[in-house]
*Asks:* 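One structure coming up, written as structure tokens, with questions to follow.
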Amino acid sequence: MGYDFEAIERKWEKEWEENDTYATNIRDFSKPKFYVLDMFPYPSAVGLHVGHVEGYTATDALSRMKRAQGYNVLHPIGYDAFGLPAEQFAIKNNQNPAIYTDQNIDNFRRQLKRLGFSYDWNREVKTTDPSYYKWTQDIFLRLYEKGLAYEDYRLVNWCPALGTVLANEEVIDGKSERGGFPVERRPMKQWVLKITAYAEKLLDGLNTIDWPASTLTMQKNWIGKSKGTVCIFSVVDHEENIEVFTTRADTLFGCTYVVLAPEHPLVKKLTTKEQEKAVEEYQKIVASKSDLDRTDASKEKTGVFIGSYAINPINGKKVPIYIGDYVLATYGSGAVMAVPCHDQRDYDFAKKHGLEMIQVIEGDVSTAAFEEVGVHINSSFINGMHNEEAKKAITDKLIELNKGRYQINYKLRDWLFSRQRYWGEPIPILHDEEGNTYPVPYQDLPLKLPEMEDYKPTGDGRPPLSKAPKAWLYVNVDGKKLERETNTMPQWAGSSWYYARYIDPHNENAIGEKELLDHWLPVDVYVGGAEHAVLHLLYARFWHKFLHDEGIFKSSEPFQKLFHQGLILGADGQKMSKSAGNAVSPDDVIKEYGADALRFYEMFKGPVDQSMPWSPDGPKGAKTFLDRVYRLYSEDTYKAKWTDEDVKELEYIYNYTIKKCTEDYEILHFNTGLAQIMILVNELYKAEKLPKKILLALAQLLAPVVPHLGQELYTLLNNKGMIEETPWPKVNEAALSNQPVTYAIQVNGKVRDTIDFEKDASEDKIEELKQLALASEKVKNFTEGKTIVKVIVVKNKIVSIVVK
RNA sequence: GCCCAGAUGGCGGAAUCGGUAGACGCGUCGGACUCAAAAUCCGAUGGUAGCGAUACUGUGAGGGUUCAAGUCCCUCUCUGGGCACCA
């Protein structure tokens, strides 16, 4: 049977709703602030899934503990509501995606409230709201004014059959996901944000934030700073030079050819008549390939000779020029010097095309390239030198010859910022017929998305907004007819600054009031999936740093501490999805076991950052435990044992549980904290007397994870008001010391006995312990007749006896 | 292919400044209560051998370092996340 979760949970949810219990007093600077944030959800039609519940429960529990600890907590929620599914729904049903989006949001809100999350509902934001995207557009204009937003031709996935541009996700093996039509990569004029201007700042900032090491590494690798050398190759019979970036200038004497990206601007000029046809055909093939395919080292290296020759600047050697798809136009200078003996890709390419190979570092190159560093050979003046020394010698020589320079290069590319879609923020730019661009004046923001007749793609590659009503599309400024930009922003835009809007969500004159932004930023704890380790988290950092430079944000990083939550997989271990039929809806679980049982299960089942399969019996087990707790507060048998006195035998576990939970919750290790609570509850069941002090603390320690039940237990103890108003329980350290410790006694690494001994024993006592250990019968069985080589004592842990 | 993680009983996991592997829970088995069942309470539970004390074995695979390795080093396998227009 168990407690009536439905009645209890509804009762307290009503109370919280009516009293607006979790509204943040944003101007109360008297208490220390604590800003806990979830990555806001995309409001899909299927509603919240149990994966959301995990991360949201973790932040909710942390928020609740922090409130009880005396912090002024900001814990908001919103919706990342622009996106592809809404647009596709709109196209299919010829309905404004805003309607669909709002329906989904209503459903999300209902679910979030039913889970008892302590969000401040007065601060809800959605990225599709004009009062919100007014500021997204404002930030874009600022970037534009600072020269950080520019137009350029970029390759996009163009599907001629569908007459539309596709997202990478919509392209599978070079074919469109819908219909399986061929997709080609075609250059189109796009808005691009100059994130590369912030490469160094984004890199430096990583040292100042408390993020998982793996995420820091991924961001660092993504930015991809490398120090190297630019070598300038002149071209035989041409004026042009080819610039090549390399981190292995030391191998320049081994360069036997040069490879340009097929899109390299010089290809056309340097291709000879004879090679023209082959080059064009090759370029056409490459156009259908993604970068991923092109850089896959396991695939065959293809390419063609373009007919011209370059001159190796270090030795004057004449080397052929190729184009090859494994060279990307977007990295370095879009050209590489090929050193077959010391780069595997060049090795494969050279073998295939029968090109010359010169070994310049000692090592085995008979079956594969030797990519290590080593002693140089066949390299004129650097023979005998080692890697770094050789790089410097070569680069210095190139500089002297005016054929090179040191250069720092980044893998990071500028951010392709426009989309050929309807359901996104309009880009506030106007164009004239000469190709000039003009910003929409700030006072005209927000530039609202126009209502449209249909949302279908135009078929010719122009964005849907080019079909917008003429009244929207054309503007007269000073007698000049200007046309609006019809591309929209990517979904990343709205999510790059939303954390700041929660602080002052209704401000019509600014992103937020300066004093409030200064006080509340950065976010103290941010929780979201590891799949955002690079893109979202890098884009948001970029905008934050830009707005910092604009004087809007005082802090230089948006998210001080970051945790990732893992995926919750289906019971079959596969990713949950509608099509796999393994998805679990929180609604169903709540109906059967209650929100608290769901929350408890998700926090108890394992570390928040780990992916793990859903266990259908899990919430049931959680409910069983919660019933067990409830009985201590509600059944006469147990109530008869309540006492105002302390029980000495329970003091240690009481204090240890407070300590363990407080520490574990702080770092989101709820599973181990809750395990300790279970141990305490098991002890309470065995106890003769139940100190009310412990029952209160137990309710408090549970309340962050199971807030409805926590509040109910608090009330059953005859308390009035909200449980979080009672300060978080404190640890009496004295009760934790003077506990004896158990030493394990090992002989040759195997445990043979254990001895209880005093904690933190002095040197003399340690000697006593050694003798005690050696005297143990169980130990003697293994030491008898052998020589004792040494005895190692690790304080409070182990006595290790080594015998021969 | 590149970058980043992970692999521990029947299951989820605990233990990582190297120090008693399997905390806690699920499941299973046994007991109490009950006419019976459910619920509840109590207990057992990595594997092998043994009535038992106990012994051996055991943290994806193979090597190595160490008095001591789930933890450190090398090689490998598999799984997951990301790869710039999914969010």
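All values derive from a computational prediction rather than experimental measurement. Letters go in sequence order (proteins before strands), and every chain restarts at 1.
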*Asks:* So which nucleotide from B:C85, B:G27, B:C67 ends up closest to the side chain of A:K620?
*Replies:* B:G27
*Asks:* Between C1' on B:G82 and NZ on A:K575, what's the gap in Å once rounded to a whole number?
*Replies:* 11 Å
*Asks:* When you match A:N221 and A:F782 each to their closest nucleotide on RNA chain B, which lands nearer the 5' end?
*Replies:* A:N221
*Asks:* So what does A:R421 hit on the nucleic acid, given a heavy-atom distance under 4.0 Å: a base, only sugar-phosphate, or nothing?
*Replies:* base
*Asks:* Would you call B:G64 syn or anti, using the 90° rule around 0?
*Replies:* anti
*Asks:* At 4.0 Å (heavy atoms only), tell me whether A:S615 reaches a base, stays on the sugar-phosphate, or touches nothing.
*Replies:* nothing
*Asks:* Choose from B:A87, B:A5, B:A84 the nucleotide whose nearest atom is closest to any side-chain atom of A:L412.
*Replies:* B:A84
*Asks:* Please examine the side chains of A:F82 and A:P97, heavy atoms only from C-beta on, and report whether any two atoms are closer than 4.5 Å.
*Replies:* no
*Asks:* Please work out if A:R752 contacts a base, only the sugar-phosphate, or nothing of the nucleic acid, heavy-atom cut-off 4.0 Å.
*Replies:* sugar-phosphate
*Asks:* Applying the Watson-Crick and G-U wobble criteria at under 3.5 Å, what pairs with B:A69? Answer none if nothing qualifies.
*Replies:* none
*Asks:* At under 4.0 Å, does any side-chain N or O of A:Q746 touch on OP1 or OP2 of B:A68?
*Replies:* no
*Asks:* With rounding to whole Å, what would you report as the distance between B:C72 and B:A15 at their P atoms?
*Replies:* 15 Å
*Asks:* Just call it for A:F604: base, sugar-phosphate, or nothing, with non-hydrogen atoms closer than 4.0 Å on any strand.
*Replies:* base
*Asks:* Taking only the side-chain heavy atoms of A:D617 (C-beta and beyond), determine which of B:A87, B:A55, B:C26 contains the nearest atom.
*Replies:* B:C26
*Asks:* Remember a base hit wins even if backbone is also touched, and classify A:S800 as base, sugar-phosphate or nothing at under 4.0 Å, heavy atoms.
*Replies:* base
*Asks:* Quick one: which of A:W191, A:F140, A:Y150, A:Y539 gives a ring-ring contact (aromatic ring centres under 6.0 Å, His included) with A:W415?
*Replies:* A:Y539
*Asks:* Identify whether any heavy atom of A:P607 sits under 4.0 Å from a base atom; if not, whether one sits that close to sugar-phosphate; answer base, sugar-phosphate or nothing.
*Replies:* sugar-phosphate
*Asks:* A:Y539 has a side chain; which of B:C85, B:C83, B:U20 sits nearest to it?
*Replies:* B:C85
*Asks:* Compare the minimum distances between each of B:C67, B:A87, B:G12 and the side chain of A:M612, then state the nucleotide with the smallest one.
*Replies:* B:G12
*Asks:* Classify the nucleic acid contact of A:K411 as base, sugar-phosphate or nothing, counting any heavy atom under 4.0 Å across all strands shown.
*Replies:* base
*Asks:* Please work out if A:H532 contacts a base, only the sugar-phosphate, or nothing of the nucleic acid, heavy-atom cut-off 4.0 Å.
*Replies:* base
*Asks:* Base, sugar-phosphate alone, or nothing: which one does A:V789 contact when heavy atoms must sit under 4.0 Å apart?
*Replies:* nothing
*Asks:* Can you tell me the pairing partner of B:G80 across any strand shown, Watson-Crick or G-U wobble, with both distances under 3.5 angstrom?
*Replies:* B:C4
*Asks:* Reckon A:S44 touches a base, only the sugar-phosphate, or nothing at all at heavy-atom distances under 4.0 Å?
*Replies:* nothing
*Asks:* Select base, sugar-phosphate, or nothing to describe what A:V794 touches, counting heavy atoms under 4.0 Å on all strands.
*Replies:* base
